[in-house]
Amino acid sequence: MEQQEKTIEQRTTRTVIIDCDVHPYPRNTEELRSYMSQPWRERYNGGGRGFYGNPVHGDRLDARPPQGGPSGSDPELLRKQLIDEYGYAYAILMPRAFCNLQPDPDFGNAIAAAYNDWLADTWLSKYNPDGVFKGSITVNTQDPVAAAREIERWAGHPHFVQVMTDSGSRAPFGQRQFYPIYEACEKFGLPFAIHPGTDGMGINVQPTPGFPTHYIEWHTCLSLGFQAHLVSFLTEGVFERFPDFKIVLVEGGVAWLAPLMWRLDAEYKALRYEVPWLKRRPSEYLRDHVRITSQPLERPDNDAYLLRMFEMMDAEYILMFSSDYPHWDFDSPTRAFPKLPESLHRRIFFDNAKELYKL
């Protein structure tokens with residue numbers, strides 16, 4: 001333990017990177033099945049979101065393990081390509097369970113629990129001698145009471161640092177049926193991370209007026225679901241009800257935040273009587289309660305535009321770096337951003353995540 005702590009100290013003094021979106025995968029379906037009881041073990045045939053898949057390839061081709069298996073399933077290759085290549089201090093792991101698209105909530109709960117057991121036994125234990133990997137507790141939002149129990153089951157684990165779910169849902173996340181999840185998150189001091197992947201899948205609602213024809217449409221419009229969830233959190237007064245609750249919007253884009261808050265603040269000036277529980281302008285809750293990860297970072301031809309957008313959205317305090325390894329749209333920490341002022345770089349790539357996750 002002493003050597004592990006020394007290794008972590010050495011690493012964090014020579015680097016300023018915490019990656020807030022890294023995807024580990026089981027080596028095969030059977031590895032996940034082994035954590036399920038019947039009848040779920042027999043029913044489970046792997047995850048996936050169905051028909052909105054990348055028509056070319058969904059992962060970095062060089063991230064596929066030479067011995068076989070999906071990208072992101074080999075801890076040694078992941079360490080070589082990510083942790084060692086860039087000198088990471090920590091990687092926040094976000095498994096892709098796709099559990100909240102299931103029409104059977106018990107099946108969704110079983111998938112979530114199996115992913116948590118698997119992650120704890122592998123990436124947070126035997127693959128994690130130096131503590132570089134920090135995990136996310138997967139929950140099924142179709143059953144908020146069971147999700148709260150799952151959070152309580154893992155809340156004391158030293159390497160689980162947040163709760164996560166997909167952005168796909170049958171209702172905006174600010175609504176009261178989800179409160180048991182937020183109460184548990186607040187009780188145990190765990191942020192609630194939302195990641196895309198099941199919008200319009202299974203029993204979930206598509207955030208666009210209808211179902212897109214192509215993957216490029218679906219993937220571009222993923223940010224719409226995040227915008228709807230954020231406005232719901234703010235207008236429903238979730239952050240007033242749960243004053244220590246924090247959310248993380250992962251892989252939903254960045255540049256939309258400022259204009260959305262401008263619009264919402266303007267609406268609030270005229271309609272504040274409808275939401276009397278709000279004690280501040282909606283945008284004023286962001287620094288205390290909301291964090292956004294950078295990938296996919298919108299990169300205009302003129303970098304000055306992006307830097308201005310960072311200033312408008314208060315990126316110094318709410319933006320955190322993420323790479324989305326090992327997916328096709330991976331953002332390299334050395335290439336994704338324009339040159340930043342040193343203090344801003346430090347906060348985006350390290351300090352904001354360190355503070356949020358208490359690392």
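Nothing fancy with the numbering, it's 1 onward along the sequence.
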(message) Checking W328 against L61 for the side chain to side chain contact (heavy atoms under 4.5 Å, CB included) test, could you report, in this order, the C-alpha distance in whole Å, the side-chain angles of both residues, the deciding distance, and whether it holds?
(response) CA-CA 8 Å; W328 66 276; L61 298 182; over 6 Å; no

(message) For H23 and H195: C-alpha separation, side-chain torsions, deciding distance, then whether ring pair (Phe, Tyr, Trp, His ring centres under 6.0 Å) applies.
(response) CA-CA 11 Å; H23 297 297; H195 188 286; 4.8 Å; yes

(message) Using the rule given for side chain to side chain contact (heavy atoms under 4.5 Å, CB included), can you reason through N352 versus I18, listing the C-alpha separation, both sets of side-chain angles and the distance that settles it, and then say yes or no?
(response) CA-CA 9 Å; N352 288 336; I18 297 174; over 6 Å; no

(message) Would F337 and F349 count as a side chain to side chain contact (heavy atoms under 4.5 Å, CB included) here? Give the steps.
(response) CA-CA 11 Å; F337 282 74; F349 279 78; 3.7 Å; yes

(request) Could you check Y52 against Y215 for ring pair (Phe, Tyr, Trp, His ring centres under 6.0 Å), going step by step and ending with a plain yes or no? (result) CA-CA 5 Å; Y52 287 128; Y215 172 81; 7.8 Å; no

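For the pair R346 and D351, the salt-bridge criterion is met [side-chain N within less than 4.0 Å of a carboxylate O]. A salt bridge is absent between K80 and D62; no separation between the charged side-chain nitrogens and carboxylate oxygens falls under 4.0 Å. With respect to D244 and K187, no salt bridge is recorded, no charged nitrogen being found less than 4.0 Å from a carboxylate O.
To the nearest 0.5 Å, atom CG of residue D74 and atom CZ of residue R27 are 6.0 Å apart. Between T141 atom OG1 and D166 atom CG the span is 8.0 Å, to the nearest 0.5 Å. Once rounded to the nearest 0.5 Å, the distance linking CD of Q162 with CD1 of I151 reads 11.5 Å.
Geometrically, R287 engages Y317 in a cation-pi contact defined by less than 6.0 Å to the ring centre and at most 45° from the axis. Taking the centre and axis of the six-membered ring of Y25, the NZ or CZ atom of R96 falls outside the cone set by 45° and 6.0 Å. In this structure, R43 is positioned above the aromatic face of F107, its NZ or CZ under 6.0 Å from the six-membered ring centre and within 45° of the axis. Judged by the 6.0 Å distance and 45° axis criteria, R33 is not positioned over the aromatic ring of Y44. Remark: R272 is positioned above the aromatic ring of Y268, its terminal NZ or CZ atom under 6.0 angstrom from the ring centre and at most 45 degrees off the axis.
E217 and H214 share a side-chain donor-acceptor pair at under 3.5 Å. Checking E150 against N116 by side-chain atom types alone, a donor-acceptor pair falls below 3.5 Å. Inspection of the Q102 and N140 side chains reveals no N or O donor paired with an N or O acceptor under 3.5 Å. A donor-acceptor pair shorter than 3.5 Å can be found between the side chains of S167 and D199. Side-chain contact of N204 with S169: a donor-acceptor pair under 3.5 Å is absent, judged by distance alone. Side chain to side chain, S323 and D331 fail the donor-acceptor criterion of an N or O pair below 3.5 Å.
The backbone N or O of W218 sits nowhere less than 3.5 Å from a side-chain atom of Q206 that would complete a donor-acceptor pair.
By the 6.0 Å contact criterion, CZ on R263 is open, its count of non-hydrogen atoms from other residues, nucleotides or ligands being 12 or less.
Between W123 and Y127, the angle of the ring planes goes over 60°, which puts this pair in the perpendicular group of the 30/60° scheme.
Between Q177 and A171 the shortest heavy-atom distance is NE2-CB, 3.5 Å. When all heavy atoms of A315 and I348 are compared, the pair lying nearest together is O-CG1, 4.0 Å. Considering all non-hydrogen atoms of both residues, A89 and F350 come closest at CB-CE1, 3.8 Å. Contact record, A113 with R153: O-NH2, 3.5 Å, taken as the closest heavy-atom pair. Nearest heavy atoms, P300 versus Y305: CG-CB, 3.9 Å. Of all the heavy atoms in S232 and G174, the pair that sits closest is OG-N, 2.9 Å.
Contact of the L306 side chain with the L297 side chain is registered, since non-hydrogen atoms from C-beta on lie closer than 4.5 Å. Within the 4.5 Å cutoff, side-chain heavy atoms of M261 are placed close to those of L234. Put simply, the side chain of K126 does not reach to within 4.5 Å of the side chain of D121, judged on heavy atoms. You'll find the side chain of T293 stays beyond 4.5 Å of the side chain of F321, heavy atoms only.
With sequence neighbours left out, the salt bridge (charged side-chain N to carboxylate O under 4.0 Å, His left out) criterion links E236 to no other residue. By the side-chain hydrogen bond (donor to acceptor under 3.5 Å, both in side chains) test, D106 is found to be paired with no residue, residues two or more places apart in sequence or in another chain being considered. Scored by the salt bridge (charged side-chain N to carboxylate O under 4.0 Å, His left out) test, D324 finds no partners at all (sequence neighbours excluded).
You'll find the ring centres of Y179 and F242 inside the 6.0 Å limit.
Under a hydrophobic clustering in which Ile, Leu, Val, Met, Phe, Trp and Tyr are joined whenever their side-chain heavy atoms come within less than 4.5 Å, directly or via other members, V231 and I292 fall into the same cluster.
Of the residues listed (F239, F192, Y182, F233), the one engaging H289 in a ring-ring contact (aromatic ring centres under 6.0 Å, His included) is F239, and it is the only one.
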